[in-house]
Every structure is written in C-alpha cells, then in structure tokens.
Amino acid sequence: MTPTPGRTPDLEADCSRCFGLCCVALPFARSADFPVDKAGGEPCRNLLADDRCGVHDRLREDGWRGCVAFDCFGAGQQVSQVTFGGVSWREAPETAPTMYAVLPVMRQLHEMLAHLRDALALGPDQATRVGLSAAADEIALATAGAPDELLAVDLVAVRSRVGGLLRTASATARDRRRRRDGIRRPPRRVRAGADLVEADLRGQDLRTADLRGALLIAADLRDADLRWADLLGADLRDADLRGARLDGALFLTRPQLAAART
Ligand code: SF4
C-alpha cells in the first residue's frame, strides 16, 4: 500500500502485522464493489492461512474494488498487536467476536486521529490548536484501551467534538488562503452537504470550497481546481476527477480517491 503523505506509520495500514481482520470481521454484499456476499465474522474465501490475500495482485480485475478502496487507518494492526496482544482469532477463537466488534471502533478512532493531525498541520489559532491537541491525545489514549473500554467509547460524542474542531480549523485555513491568493468564493450551490450528484463541475474553480459531506457521486470534476477544498466525508463515488487539481485538499482520504475515477 502506498503511504499517505504526512500520515504517521501508526495510522497507515500494515497488513503484515494484522490478522487479516478486515477480510474476516467486515460484511460485504455482492455489488459493483464485491463479486460475492459475505457475512461479518466469516473469513473471505480469498484469505490465506497466513492472513495474506490470495488475489491481492488482481483485486480490481476480479471485481474486488471495495477491497482496493478500503483503508483501516492502521486499526488492523493496532487491534491485532495491541488490543489482543498478538493472539489471533485463529489461535483463540473465543476472542473472535469481540475482536471483530472492536475493529470498526478502532478504525473510526484512527480515522479521527488522522484528521486531527492533519488539522494541526494547518496552522490553527492557539485556542483551536489546544482543542485539537487535547482531542488527539484523548483518542490516542483510547486506542490503547482494553476491548471492553473500546466498546464503551461514545463514538457519536467523539465524532461531534472532533467534527467541530475540524470545521473551525478548516474555515480558518481556507479563509487565510482566500485572502492570501485573492480567491473568490465558489458558487452558492457548491457548499457543505450539497446534493451535487452528477453535477457538471468540469473545469470549475473550486479552490477553498467547503464540500464536507457533499454528495458528488458521478459528478464531472474533470480539470476542476479543488486545491484547499474541504472534502471531509464528501462522497466521491464514480466522480470523474481526471485532470482535477487536488493538492492541498483538506481531509481527503484514500478510500474517497479509490472510489472516484482518477
Ligand atoms: S479479496 Fe482479499 S483483500 Fe478482499 S476481503 Fe478477500 S482476502 Fe481480503
């Protein structure tokens, strides 16, 4: 897997230190992303005994697009090596249900941690910096907890708090960039949470736009300028990003990019 620029190793998937957890714990349904149905807790038919993927070299060609797009943000190795101390679900099947339940919790915590660290790199004001640092420290501490502590984390509350901090850091950074480069605000319809499914945004200047949570499914973004746009949680499935400029885009993740046309 190609490292994400600026991402620390603890938040990068390291499949060599994971028990193939995403290939066992998570369910998927036959669709454009997967060729078969699989229930949560059932090992994928392609998972080898050494926890490697038997079709790793031809995932996309064989219809496993969802696997290409998935990013655990380093949650897999954290659950395998830290939470469960290096003892696999194969060696201790009685721990498997708990391990599978912990994985999505850890993944969300790791994703938030990655975004908080990205936000700290944006040069936020002092108050926001303090808030971001405190949240990052608390989440990092939570990721080291025991399984029952992880399952007790109030993810809704944590997400709400983190979301507010990221919003503030993003707005400050984008305002600063707008003033510095004389960037005009994007069109009104280009806004957070907007329904832009199949929208024609080809070649548009969307620098510093707030597109967090926007539905950009199958949107035409060819040659669009998305530098410093906030793309937190934007749905980019099948969006056409060929030729688009994305350098400096905020909170853009590998799964978002993998789901788009690039
Ligand atoms: S196809 Fe490979 S990567 Fe995808 S779930 Fe199965 S074993 Fe894992």
Side-chain angles (χ1 to χ4, degrees), residues 1-5 7-115 143 147 150-151 155 217-218 233-239 241 252-262:
M1 190 170 275
T2 312
T4 307
R7 186 88 65 80
T8 51
D10 59 322
L11 301 180
E12 284 283 353
D14 180 355
C15 303
S16 70
R17 298 175 58 230
C18 174
F19 303 140
L21 286 180
C22 62
C23 309
V24 185
L26 306 181
F28 49 72
R30 186 178 179 140
S31 62
D33 290 334
F34 298 99
V36 295
D37 294 322
K38 185 185 90 61
E42 172 195 329
C44 171
R45 67 186 188 186
N46 296 323
L47 187 65
L48 304 176
D50 62 0
D51 294 330
R52 288 183 303 119
C53 170
V55 296
H56 179 73
D57 294 337
R58 53 176 202 276
L59 280 171
R60 208 180 276 275
E61 300 89 301
D62 285 7
W64 301 86
R65 204 174 99 150
C67 303
V68 179
F70 184 76
D71 185 356
C72 77
F73 293 87
Q77 71 259 24
Q78 180 75 9
V79 172
S80 299
Q81 303 301 331
V82 179
T83 319
F84 287 86
V87 181
S88 168
W89 51 272
R90 296 182 197 273
E91 300 161 72
E94 70 281 4
T95 65
T98 311
M99 199 178 285
Y100 303 158
V102 165
L103 179 68
V105 175
M106 188 70 82
R107 184 186 178 279
Q108 290 198 55
L109 293 174
H110 272 222
E111 183 176 11
M112 285 190 272
L113 202 45
H115 289 324
T143 64
L150 283 156
L151 293 175
L155 284 171
I217 301 164
D235 193 337
L236 290 165
R237 280 174 294 164
D238 291 323
L241 288 169
L252 179 62
T253 63
R254 191 182 355 238
Q256 284 172 298
L257 278 177
R261 298 180 66 194
T262 52

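We're numbering straight along the sequence, starting at 1. Only heavy atoms go into these numbers, but all of them, side chains included; no hydrogens, no water, no symmetry mates. Indexing begins at 1, ligand by ligand and atom by atom, following the structure's order.
Note that CE of M106 is 14.5 Å distant from CD of E111, once rounded to the nearest 0.5 Å.
Side-chain contact annotation: S31 with D33, donor-acceptor N/O pair under 3.5 Å absent.
Scanning for salt bridge (Lys or Arg N to Asp or Glu O under 4.0 Å) contacts around D57 gives an empty result, with sequence neighbours left out.
Shown are the protein N/O/S atoms under 2.8 Å from atom 4 (Fe) of ligand 1, given by residue and atom: C67 SG.
With hydrogens and angles disregarded, no donor-acceptor distance shorter than 3.5 Å links the side chain of R254 to the backbone of V68.
The shortest distance between side-chain heavy atoms of L236 and L257 does not fall below 4.5 Å.
The residues D37 and R30 are annotated as not salt-bridged, no charged nitrogen and carboxylate oxygen being separated by less than 4.0 angstrom.
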